[in-house]
Trainee: 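Shown below is the structure under consideration.
Reckoned from all heavy atoms, side chains included, excluding hydrogens, waters and symmetry mates. So you know, we letter chains A, B, ... as the sequences are listed, proteins then strands, and number each from 1.
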Amino acid sequence: MTSLVSIYMMLAKLFSSLSLSAFGGGNTILPTLEQVAVGKYHWLTSEQFVDCFSLSKAGPGPTTLIVELIGIKATGFCGNHFVVHAAIVGAIISIFSIFVPSSILLLVAAHFWEKWRGAPWQVAIEKALMPITCGLILAATYTVAKTAITDWITGVMAFIALMLLLYTKLNPVLIMAIAGVVSWLVIK
Amino acid sequence: MNSQAHNYELPTTNYELLASRKAVSLSQLAKTFLFIGATSFGGGLTAYVRRIIVENKKWMTNAEFFPGLALSQALPGANVVGISLYIANHLCGPRGVVVGLSCLIAPPAIFAFLVGYLYFTFGTLPAMESILKGVAAVACGLMASMFVESARESLKNKIDIVIFLATFFLIKKGHLSIPYAILIMAPLAIWYYRPRQVAGKRLQVTADQEGIDKP
């Protein structure tokens, strides 16, 4: 049986290397994550992995928090019963390992971005990035729409939300809360 | 008399700082990111963050926000964490980054811990699907509204539109991943917008003024 400390080490090593390879957003790490967490270490079954993905997608925060669920399962449930302090340490290690390395890299980039603000090349890069970002956002919108709009009801709801967001100053939380209640009542 | 003179001095020393950025305190930043963290359901989170920071709080302009989004998309990591880091650094510096990101992650992390405990103990998923369908639809509307804002802000001439369409089709039709699309498009776009030598030593970005300069 692997000791708890060595599981902590494995989590830290796996997630920090995934952190730096998650080019293009958090979802790009999922195939590797499944391969290692399910296939290699057997921390959870592939069915549980899919459920964890749904949970982290539905819950607040980035979907990347799936690593926390994996960390909890690998450390808190590695014996016969749930060990709460082991799970808490596992969760904290998982969260730090997945977010800190990529954040340090981005902080360095953001630092120089602010430092060179207004310099001719910075202005040029900024102007160049604007239309590219616009294209990336449309691509992301397209992807979100494909999974979110499943029938005419969700289509209408998305359209009404878009109109409210463009033409009113309503807080999106309010719109989400209303939409949640409406869909709970309408979609069985 | 003395205090008057002192008051007179203050604005001149801080003028540039105040003009370039809104003064946001660490506690305001913490409160806002705690709120975002606790309520960021349903995907399309970068659009949600933009709505709160740019539209509701007015702490940043679209022109400052979108390049930050580009940076966080070009580098590895979850986009919502990346853009939040950029915003926190812009408003409050590195200290703001530590505070902002902790506040962003703590509420959903606690939520995930509780849900994870229940799931691995009892083995069932909470039946929330019908509620989440509506929330996801709103998230889709949020993304679309961010696209509209981004198009307004960034498509200023024909070349912009070409760059925008090329990026979109590289990803959707060429099935390139986002970093590769940026690697291809960024050098071309930067080359087009490169600073050019104008009348002697002064460097200027002239690309969008070309049309006006022509006789």
Trainee: Is a side-chain donor-acceptor pair under 3.5 Å present for Y193(B) with D160(B)?
Mentor: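 Result is yes, a qualifying pair exists.
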
Trainee: Can you tell me how far apart NE2 (H85(A)) and OG1 (T75(A)) are? Round to the nearest 0.5 Å.
Mentor: 10.5 Å

Trainee: Measure distances from A145(A) to the heavy atoms of chain B and classify the residue's part below 4.5 Å as side chain, backbone, both or neither.
Mentor: both

Trainee: Counting heavy-atom pairs closer than 4.5 Å to chain B, which one of S19(A), G25(A), A22(A) comes out on top?
Mentor: A22(A)

Trainee: With rounding to the nearest 0.5 Å, note down the distance linking CD in Q28(B) to NZ in K57(B).
Mentor: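 Between atom CD of Q28(B) and atom NZ of K57(B) there are 7.5 Å.
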
Trainee: Examine whether an atom of Y119(B) lies under 4.5 Å from a heavy atom of chain A, and if so say whether it belongs to the side chain, the backbone or both; otherwise answer neither.
Mentor: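 The answer is the side chain of Y119(B).
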
Trainee: Using non-hydrogen atoms only, which part of L106(A) is less than 4.5 Å away from chain B: side chain, backbone, both, or neither?
Mentor: both

Trainee: Chain B heavy atoms under 4.5 Å from A87(A): which part of the residue, side chain, backbone, both or neither?
Mentor: both

Trainee: Can you tell me which portion of L75(B) sits under 4.5 Å from chain A's heavy atoms? Options are side chain, backbone, both or neither.
Mentor: both

Trainee: Show me, pair by pair, the donor-acceptor contacts under 3.5 angstrom made by side chains of residues 58-70 of chain A, not counting sequence neighbours?
Mentor:
none

Trainee: Chain B contacts: which residues in residues 151-162 of chain A have a non-hydrogen atom closer than 4.5 Å to it?
Mentor: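 Checking residues 151-162 of chain A against chain B gives T154(A), M157(A), A158(A), A161(A), L162(A).
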
Trainee: For the CD1 atom of I36(B) and the CZ atom of R51(B), what is their distance to the nearest 0.5 Å?
Mentor: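 I36(B) CD1 to R51(B) CZ: 13.0 Å, rounded to 0.5 Å.
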
Trainee: Counting only non-hydrogen atoms closer than 4.5 Å, does I125(A) touch chain B with its backbone (N, CA, C, O), its side chain (CB onward), both, or neither?
Mentor: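 Both parts, backbone and side chain.
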
Trainee: Name the option with the most non-hydrogen atom pairs under 4.5 Å to chain B; the candidates are A148(A), A179(A), A139(A).
Mentor: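 Option with the greatest count: A139(A).
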
Trainee: Given heavy-atom pairs under 4.5 angstrom as the criterion, report whether the side chain, backbone, both or neither of I88(A) touches chain B.
Mentor: both

Trainee: Side chain, backbone, both or neither: which part of I95(A) has a heavy atom under 4.5 Å from chain B?
Mentor: side chain

Trainee: Just give me the residue among L107(A), N27(A), L165(A), V144(A) that pairs up with chain B most often, heavy atom to heavy atom, under 4.5 Å.
Mentor: L165(A)

